[in-house]
Asker: 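Got a structure for you, written out below as structure tokens; questions coming shortly.
Quick caveat: nothing in here was measured; it's all calculated off a predicted structure. First the proteins, then the strands, lettered A, B, ... as listed; each starts at 1.
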Amino acid sequence: MGKAELPLHAPGTQVDRGYIGESVPRPNAQRLLQGRGAFIDDLRLPRLAHVAFFRSPHAHARIKKLDFEKARRADGVIGVFDGRAVAEYCKPWVAVLGHLKGIKSPPQHAIAIERACWQGEALAAVVAESRSQAEDAVALIEAEWEELPVVVDMEESLQNKTTIHPELGDNICFNRELDTGGVEEAFAKADVVVEDTFHFGRHTGVCLEGRAILADYNAAEHSLTVYQATQAPHMMQDIFSRHLGIPEANVRVIAKDVGGSFGIKVHVYPDEMATAALSIMLRRPVKFVADRLESFLSDIHAREHRVKVRLAVSKTGEIVAFDLDDLTAIGPYSVYPRTSGIEGNQVVNLTGGPYRHQKYRAKMNVVFTNKNLTCQYRAVGHPIAVALTEGIVDLAAQKLGMDPAQFRKINLIADDAYPYTFPSGLKFEQLSHHKALDLLLKTMEYSKLRDEQSRLRQQGIYRGIGIAAMIEVTNPSPAFYGVGGARISAQDGATLRLEPTGMVTVMCSVTEQGQGTEAAFAQIAASAVGISIDKVKVITGDTGVTPYGGGTWASRGAGIGGEAVLLAGRALRSNMLDVAAAMLKMDKTELDVEKNYVVNLLTREKKIDLAELGRVAYFRPDTLPLDFQSELTVTRHYTPRQYAFAFTNGIQASLVEVDVETGFVQLLKHWCVEDSGTVINPMLVDEQLRGGVVQGIGAALFEECVYGPDGQLLNGNLADYLVPMAGEMPDIVCAHIETPTRQSQLGAKGVGEAGTAGAPGAVMNAINDALLPFNARVTAMPFTPERILKALKKV
Amino acid sequence: MEHANDITLTVNGTRVSRRVPARQHLVDFLRDELGLTGSHIGCEHGVCGACTVRVNGEIVRGCLMLAVQADGCTVDTIEGLSDAKELEALQKAFHERNALQCGFCTPGMLMAALDLTKKNTKVTREEIRAHISGNYCRCTGYQAIVDAIEEVVNGQG
């Protein structure tokens, strides 16, 4: 492999991209394949203590009394602590952001004091020599309660009959209104107006590895080392420092292997903060791993939106205006530090996103309820915005008697219309909706499928085809969180070091949760430096080692971290050539690096093995000129700035068969066309897209956290909460268009959330297409057999 | 003190004897007593399959079997089968096809896949999907896993 020239996307030039664009297997996957990874629960430290939490059985209750006597006397128990005791060591937090005007939330403690606001909120911590002993002792805690009125339904919460936090005045955490003007007039003049209400069930991430933290306080140094399954080590370093009162330099956060995250592991969790505080209090390492049952009660949930949407359309099929009213419930607290206002905000920002109408009005309310907290989970707001946009678009096409694909062709923003400003204010650098639609229709053989559909309908087989176009927020700039006052880094850094053996070590602030970040960085580093990929070692997830940065979230790792690696790689190559030039007494411009050798730029003749260059630079610098100092460790950073986000676009299609007798949906096939800019590793990108699609399918068909009227979670276990299994998933065909962002040399945008963003809308439209002959329609996810049979009026 | 039993079993070819609490399940025993942390705990109620290990040649959920029930048994875990090269072909195919992301489900998934290879017959993609439906993967779309298993079981590229 050769080296990567810059920029990778220079117009009209053919550049050597090295490993970039190659389906290289992930070097770091070998340990995972042998069960030799290092997940938090695999770590063993001397004097390690284990914590288990006493969690509220009630959705809303005042704690009259907590009696720890029996628990304290139980075998192996080291200590039992309530909220007040832990609060001595851990300051509470308030999750608001300056740019979400008016957002409010009460202070939240690591362990609740006086009152539980959702079923599962931690009220006491038991630390013992083993987890089982801690759990045994939890069962011995005696509590007396005064049950309080429970607010479960979001419409009721909005009416504010019962105020969960009286000091806030009402149950509204955040609201937003957006109006371009002219919306009423547009609707009054429109040839066709369609409207519908969509419901999105509450669901959660179900990372196969539960949330996990091992906090190790060193009293002599007043330092804290935290091994944590987190997506954002530097953010957590800052938070541990400020809330636990330890200088930031004394806090080190290490994220080794992380067993799935999907946004679940980027938030501050009270039980994890308590674990860190307990390590300080007990002056020994303490570990907490959420078991599956408490994961359902304490991992953030997401979605739970009710959205009314209206669409104004001309008789020729042109979309004129969107009108939106979104209501979402987030539990009793906004989640720290990103807040729980972002998902609703995204729905407002993104609805109608692929289309070229100019009139848009949106109203959105975020309300408190006595259920588990919700916050940012994979694709944040996108699945909602996409599904309701594409659902209402299909309804309009149906009303006009137009083919859904043709209707989209008329309305998608033209590929030559960029840069483009969307009515919500978002700016798009360059998208490729029409190319994507054409590629999708060709890949899926759309006309053939439509013919087959009509043929099968005659035989009483009801198939449906659903399409969902989308835009997606990736590579966020500081406009996402930083401007609101959150200490969340939008920039990332990479350090590259040439080792004496000619190897290159890469240290990057973006983390790895299995998506293949480290492999992508190895590809970029090898290509930028001019070495083979087996000579690269990548280290991520350690605040004590890597440059400062944001980590992994909002589809930013490859685009931002990758650019930092590329820039650092180029700088290291240049510095290596300085050494070579000094050794060879040649001009640097006559030299190049290729396949682990310094070579003559023109003849490609091998001049020096990089191991020899390393040997001389580190061990025999006395042989180099007196005024020469080698610099074989370089660091570069990257921040996206010109656009708030590097928007991507994509389009998905789903083919389903609905059994109209049983209500069961069989997924026959799924297609996904995505334009995420430069693709670094197609194999990794495709399977990440597929994984995202499967999570989106889960939302559409299976997954829902079902609550009873008393605020009790009714299906908080893996047997009752349905996660997509291999047997019911279809083959998923992926295809790509590459429109690199010109904001970076690498040109990569994000891709990690695209599948999840588009799949629910595509599946919904496919089901409704199948139900069309029955004049039946479903709009409440998940589309269970029961809901489909109800729509068919069979139950 | 809770009830405890003495057990002797063969784990990855080595005889081990321990006194174990009667309530301790097999995967806790393997992880906490023997330090074999390759078998993972995903749900502890028999659904996700992350703790799948082999007992007397059959795959079992390590969270649904007690350690005391393994007395006298032969237990194989991901670590042992990796060293014995029994999983080599599957591991290679999983690696080359990126049939894993976070890797938490992977040891259990490989155990289930290995079980399928033992049947020595060709299988359809649907049969592979059905066979691994007791092993949840939350990262991949399952497709690369199915591809990798198909390659090994049916011997095709």
Asker: Do any N or O atoms from the side chain of A/Arg292 and from the backbone of B/Gly42 form a donor-acceptor pair under 3.5 angstrom?
Answerer: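 Yes, the answer is positive, given that a donor and an acceptor are paired below the 3.5 Å cut-off.
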Asker: With respect to chain B, which residue among A/Val289, A/Val206, A/Val694 yields the maximal number of heavy-atom pairs within a distance under 4.5 Å?
Answerer: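 Of A/Val289, A/Val206, A/Val694, A/Val206 has the most heavy-atom pairs under 4.5 Å with chain B.
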Asker: With a 4.5 angstrom heavy-atom cut-off, which part of A/Asn681 approaches chain B: side chain, backbone, both or neither?
Answerer: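 For A/Asn681, no heavy atom lies under 4.5 Å from chain B.
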Asker: Below 4.5 Å, heavy atoms only, C-beta onward: do A/Asp257 and B/Phe104 meet side chain to side chain?
Answerer: no
Asker: Output the distance between atom CD1 (B/Ile41) and atom CG (A/Leu208), rounded to the nearest 0.5 Å.
Answerer: 11.5 Å
Asker: Kindly say whether A/Asn717 contributes a backbone atom to a donor-acceptor pair with the side chain of B/His45 at under 3.5 angstrom?
Answerer: no
Asker: NZ/B/Lys92 to CD/A/Gln30 distance, rounded to the nearest 0.5 angstrom?
Answerer: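 Rounded to the nearest 0.5 Å, the NZ-CD separation comes out at 11.0 Å.
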Asker: For B/Arg31, is there an ion pair with A/Asp42 - N to carboxylate O distance below 4.0 angstrom?
Answerer: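 Looking at A/Asp42 and B/Arg31, the cut-off is met.
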Asker: With respect to chain A, which residue among B/Leu90, B/Ile128, B/Asp83, B/Leu110 yields the maximal number of heavy-atom pairs within a distance under 4.5 Å?
Answerer: B/Asp83
Asker: So does B/His95 get a backbone contact from the side chain of A/Arg26, meaning a donor-acceptor N/O pair under 3.5 Å?
Answerer: no
Asker: Quick one: which of B/Met109, B/Glu126, B/Gln91, B/His131 has the most heavy-atom pairs under 4.5 Å with chain A, could you say?
Answerer: B/Gln91
Asker: Could you tell me which portion of A/Leu293 (side chain, backbone, both or neither) has an atom closer than 4.5 angstrom to a non-hydrogen atom of chain B?
Answerer: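 Just its side chain gets close to chain B.
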Asker: Is a donor on one side and an acceptor on the other found under 3.5 Å between the side chain of A/Gln34 and the backbone of B/Ser82?
Answerer: no
Asker: To the nearest 0.5 Å, how far apart are CG in A/Leu32 and CD1 in B/Ile78?
Answerer: 10.5 Å
Asker: Distance from B/Gln101 atom CD to A/Glu687 atom CD, nearest 0.5 Å?
Answerer: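 Answer for the CD-CD pair, B/Gln101 versus A/Glu687, is 6.5 Å.
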Asker: Has B/Ser133 got a side-chain atom pairing as donor or acceptor with A/Gly727's backbone, closer than 3.5 angstrom?
Answerer: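 Yes, B/Ser133 side chain to A/Gly727 backbone: donor-acceptor pair under 3.5 Å.
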Asker: Looking at B/Arg129 and A/Asp731, is any side-chain nitrogen of the basic one under 4.0 Å from a carboxylate oxygen of the acidic one?
Answerer: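 So A/Asp731 pairs with B/Arg129 through a salt bridge.
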Asker: Which bit of A/Val258 comes within less than 4.5 Å of chain B, counting heavy atoms only: side chain, backbone, both or neither?
Answerer: backbone
Asker: With a 4.5 Å cut-off on heavy-atom pairs, point out which of A/Glu209, A/Glu728, A/Glu512 contacts chain B the most.
Answerer: A/Glu209
Asker: B/Arg125, B/Glu127, B/Glu44: which one forms the most heavy-atom pairs within less than 4.5 Å of chain A?
Answerer: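 Top count of heavy-atom pairs under 4.5 Å with chain A: B/Arg125.
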Asker: Tell me if a side-chain donor or acceptor on B/Glu96 pairs with a main-chain N or O of A/Pro25 at a distance below 3.5 Å.
Answerer: no
Asker: Select, from A/Pro730, A/Cys207, A/Gly35, the one with the greatest count of heavy-atom pairs under 4.5 Å involving chain B.
Answerer: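 Counting heavy-atom pairs under 4.5 Å, the top option is A/Gly35.
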Asker: Counting heavy-atom pairs closer than 4.5 Å to chain B, which one of A/Gly259, A/Ser130, A/Gly210 comes out on top?
Answerer: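 Going by pairs under 4.5 Å, I would pick A/Gly259.
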Asker: Going through the distances and angles, do A/Glu703 and B/Arg138 end up as a salt bridge (charged side-chain N to carboxylate O under 4.0 Å, His left out)?
Answerer: CA-CA 13 Å; A/Glu703 299 184 40; B/Arg138 194 61 164 163; 2.7 Å; yes
Asker: Could you tell me the separation between the CZ atom of A/Arg131 and the CG atom of B/Asp28, rounded to the nearest 0.5 Å?
Answerer: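 The distance works out to 10.5 Å.
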Asker: Of all of B/Asn98, B/Ile132, B/Val47, B/Thr106, which one pairs up most often with chain A through heavy atoms under 4.5 Å apart?
Answerer: B/Asn98
Asker: When rounded to the nearest 0.5 angstrom, what is the spacing between SG in B/Cys102 and CZ in A/Phe39?
Answerer: 5.5 Å
Asker: Side chain, backbone, both or neither: which part of A/Ser261 has a heavy atom under 4.5 Å from chain B?
Answerer: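 When you check distances to chain B, no heavy atom of A/Ser261 falls under 4.5 Å.
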Asker: I'd like to verify something: which residue of A/Asp686, A/Val24, A/Leu718, A/Ile732 has the highest number of heavy-atom pairs under 4.5 Å with chain B?
Answerer: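 Heavy-atom pairs under 4.5 Å are most numerous for A/Leu718.
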Asker: Do the side chain of B/Tyr142 and the main chain of A/Pro724 share a donor and acceptor less than 3.5 angstrom apart?
Answerer: yes
Asker: Among the options A/Val693, A/Asp291, A/Leu684, A/Asn28, pick out the one with the most heavy-atom pairs lying under 4.5 Å from chain B.
Answerer: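 Option with the greatest count: A/Leu684.
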Asker: So which of B/Pro107, B/Cys43, B/Cys105 has the largest heavy-atom pair count under 4.5 angstrom toward chain A?
Answerer: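 Of the options given, most contacts go to B/Cys43.
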Asker: Count the heavy-atom pairs under 4.5 Å between each of B/Asp32, B/Val146, B/Thr37 and chain A, then report the option with the highest count.
Answerer: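 It is B/Thr37.
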Asker: Is the NZ atom of B/Lys118 crowded by more than 12 outside heavy atoms at less than 6.0 Å?
Answerer: yes
Asker: Salt-bridged, B/Arg23 to A/Glu135, with N to O below 4.0 Å?
Answerer: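 Judged by the 4.0 Å cut-off on N to carboxylate O distance, B/Arg23 and A/Glu135 do not form a salt bridge.
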